[in-house]
Amino acid sequence: MRNSALAWIGHPLTVVTALVLLANDHLFKSLWPGLVTGKLSDVAGLIVAPPLLNLLVRLPRTAIVVTGAAFTLVKTTAVGAALASQAWTLVWGPSQILADPTDLVALPALYFAWWIFTHPGPHAARRARAVVVIPLVVLAVTATGAVEYSKPYSAYAADVLDGTIIVATVGGTQRSPVTGFASNDAGRTWSAWQVPVPRVPRTSSCVPGPPDRCYRIVPGRLKVEESRDGRWVTAWEISPGDQDRLARAHVAKRPEETEIIESLGIATGKLGGGHVVVVANGADGIVLRDTTGVWRRMGWAEVGFAPSAAMPLTAPGRFDRSVPVTALLAALAAGLMTLICAMRIVGFTVSAIALWTGILMCCWATNWPVNFDPPAALLGVMVAAIGAVGMLLSSVDRSSLRLWAIGTACTFFSYHAMMAPFYAWSDGRLQDFSVAVRLSVVLWIVSASVSALAVIRLPKRAGNEDAPIPAGSPEGDAGQGTGPRHLG
């Protein structure tokens with residue numbers, strides 16, 4: 001019985017299916033989310049789960065029946081889905097598994113699992129293969145569907161129907177996106193809205209009069225204008241600097257996604273004794289004008305929107321982690337350039353460029369999880385190590401502590417000079433991020449140029465000033481008093 005259990009889970013087809021399950025759940029689903037990858041996960045899971053369960057019960061038929069029954073319970077009942085979600089949460093953290101009866105089309109995969117059991121592979125090495133495969137199958141089964149990716153919410157359109165404020169949204173889980181939120185009490189409480197809403201947002205809206213009052217959004221801005229006396233005046237806005245800070249605070253979870261922070265849709269309507277205006281502001285949420293004329297930004301709450309959830313405009317600006325990495329690489333380039341100008345050796349120059357290139361490769365290759373590349377990281381380490389050794393060997397006769405100290409100081413001051421504008425922007429002293437970028441570049445050029453000019457003006461033999469002077473040289477002759485003597 002033990003051999004048959006090992007043969008089943010160590011069968012080549014079981015191994016291949018487990019690999020397919022891992023690749024599908026952790027790569028293919030993110031690249032091509034949809035029906036195919038979703039059903040492929042169910043089919044592969046039904047093939048690899050029975051042999052894993054059979055290791056515990058030692059009853060192949062029972063393992064297949066229990067797997068099918070549990071799968072049916074999870075996919076057809078809310079209780080089963082909730083229990084499965086709790087189980088996977090204990091193993092992998094917060095998880096959500098949704099009931100979906102259409103997944104039952106994958107049940108015939110259990111017959112394929114039984115066929116694998118009844119057609120064992122070659123006896124040789126199946127036990128050793130099973131020992132290696134069991135952890136793989138456990139990982140594949142428990143990780144499948146553990147965390148369903150949830151896209152960030154974004155409000156793109158709004159409407160007011162019969163006193164109900166409706167905000168159309170995109171986002172939510174892949175298989176259960178929320179189409180919008182609705183409020184019947186002027187935005188104090190919200191509920192999910194699954195009724196189809198207008199797909200094309202309105203850029204202007206008027207309140208039926210008299211008197212007629214019209215509002216419009218300004219493209220690309222968090223700004224609303226109101227018509228007064230035949231002209232448009234600002235009714236509400238976020239300054240361009242603060243809008244830029246909000247946009248950089250909403251960092252997308254995936255490179256292919258973008259977080260839009262601007263007014264996208266507007267709606268007006270009669271409510272109570274006055275009128276309301278609701279504006280969809282993308283990832284920032286909404287802004288709501290109540291019947292008293294007060295405008296309030298409302299951020300994403302657990303359900304709907306709330307003023308307390310809006311990101312405060314006084315919060316420190318957050319820049320991407322690529323900013324300090326880029327500053328460090330630029331500062332290192334400035335320090336190496338300073339040493340190159342000081343050493344004036346071809347071999348040292350080539351080695352310095354190799355060191356910088358290797359470090360750049362490591363930074364790119366270890367940018368997990370965007371483009372982690374172990375071979376490229378290893379190659380970068382090797383190139384950087386070769387460059388560092390080459391710098392030391394080529395400068396052993398000319399280097400001095402003073403030159404290395406100048407190069408190190410240049411790297412230190414260049415980095416902090418480049419980061420200073422970003423720190424100022426984060427604290428609110430600079431309103432525009434682009435100004436911080438331009439100022440950072442200028443400060444790098446200044447610090448690198450000053451350091452390079454400083455070492456260029458040093459004597460060419462500055463690194464060899466303590467070396468012995470050969471006899472017979474002009475300097476040696478002068479030191480021995482071969483010049484004219486003055487008799488006292």
Side-chain angles (χ1 to χ4, degrees), residues 151-161 165-171 177-181 187 196-208 212-252 254-269 275-290 293-300 305 307 309-313 315 317-320 425 430-438:
K151 295 183 179 179
Y153 285 116
S154 181
Y156 71 91
D159 206 350
V160 180
L161 299 175
I165 299 173
I166 304 171
V167 179
T169 64
V170 293
V178 176
T179 60
F181 296 98
V197 294
R199 301 299 298 179
V200 180
R202 293 190 294 267
T203 58
S204 63
S205 181
C206 296
V207 182
D212 291 337
R213 302 187 66 174
C214 294
Y215 297 85
R216 70 180 185 183
I217 60 176
V218 178
R221 290 286 312 280
L222 288 172
K223 184 175 182 178
V224 181
E225 293 181 334
E226 177 184 0
S227 62
R228 292 181 185 175
D229 302 326
R231 61 190 183 93
W232 292 97
V233 298
T234 299
W236 172 87
E237 73 170 328
I238 297 294
S239 69
D242 288 337
Q243 181 177 342
D244 181 65
R245 293 163 65 85
L246 287 174
R248 297 184 182 279
H250 291 80
V251 180
R254 295 187 175 189
E256 66 272 13
E257 295 175 354
T258 56
E259 297 284 3
I260 300 177
I261 307 294
E262 62 180 82
S263 297
L264 300 175
I266 189 171
T268 60
H275 70 277
V276 296
V277 181
V278 56
V279 183
N281 288 334
D284 192 52
I286 65 172
V287 61
L288 180 65
R289 178 200 183 275
D290 60 23
V294 178
W295 294 82
R296 294 178 298 163
R297 281 179 60 233
M298 305 179 72
W300 298 97
F305 311 90
M311 185 170 295
L313 299 179
R318 297 188 300 177
F319 44 78
D320 190 74
W425 171 82
L430 291 177
Q431 287 297 314
D432 197 336
F433 188 82
S434 62
V435 173
V437 173
R438 291 193 292 267

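For the numbers below, each heavy atom of this structure counts, side chains included, while hydrogens, waters and symmetry mates do not.
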>> Measuring only between side-chain heavy atoms, which start at C-beta, is I266 closer than 4.5 Å to R216?
In response: no

>> What's the separation between atom SG in C214 and atom CD in E226, rounded to the nearest 0.5 Å?
In response: 9.5 Å

> Of all heavy-atom pairs between T169 and A155, which one has the smallest distance, and what is that distance?
Replying inline: CG2-CA, 4.2 Å

> Excluding sequence neighbours, so at least two apart, what forms ring pair (Phe, Tyr, Trp, His ring centres under 6.0 Å) with F305?
Replying inline: F181, W190, W300

>> Going by salt bridge (charged side-chain N to carboxylate O under 4.0 Å, His left out), name the residues that satisfy it together with R438, two or more places apart in sequence or in a different chain.
In response: none

> Under 3.5 Å, is there a donor-acceptor pair between the side chain of R202 and the main chain of D159?
Replying inline: no

>> As an exercise, state the distance from CG of N281 to CD1 of I217, rounded to the nearest 0.5 Å.
In response: 8.5 Å

>> List the residues meeting side-chain contact (heavy atoms from CB on, under 4.5 Å) with L264, not counting sequence neighbours, and say none if there are none.
In response: Y156, I260, E262

> Atom OG in S204, atom CD in E225: separation rounded to 0.5 Å?
Replying inline: 11.5 Å

> Partners of R289 by salt bridge (charged side-chain N to carboxylate O under 4.0 Å, His left out), sequence neighbours excluded?
Replying inline: none

> Do L246 and L222 have side-chain heavy atoms sitting under 4.5 Å apart?
Replying inline: yes

> Just by distance, do the side chain of T268 and the backbone of V277 share a donor-acceptor pair under 3.5 Å?
Replying inline: no

> For the residue pair A283 and S154, what are the closest heavy atoms and their distance?
Replying inline: N-OG, 3.6 Å

> Residues in salt bridge (charged side-chain N to carboxylate O under 4.0 Å, His left out) with D290, at least two apart?
Replying inline: none

> Taking atom CD1 of I238 and atom CD of Q243, what is their separation to the nearest 0.5 Å?
Replying inline: 8.5 Å

>> Can you give me the closest heavy-atom contact between P201 and A157, atom names plus distance?
In response: CB-CB, 3.7 Å

> Once the angle between the rings of W295 and Y215 is folded into 0 to 90°, is it parallel (under 30°), tilted (30 to 60°) or perpendicular (over 60°)?
Replying inline: perpendicular

> Quick one: salt bridge (charged side-chain N to carboxylate O under 4.0 Å, His left out) partners of R221, sequence neighbours excluded?
Replying inline: E237

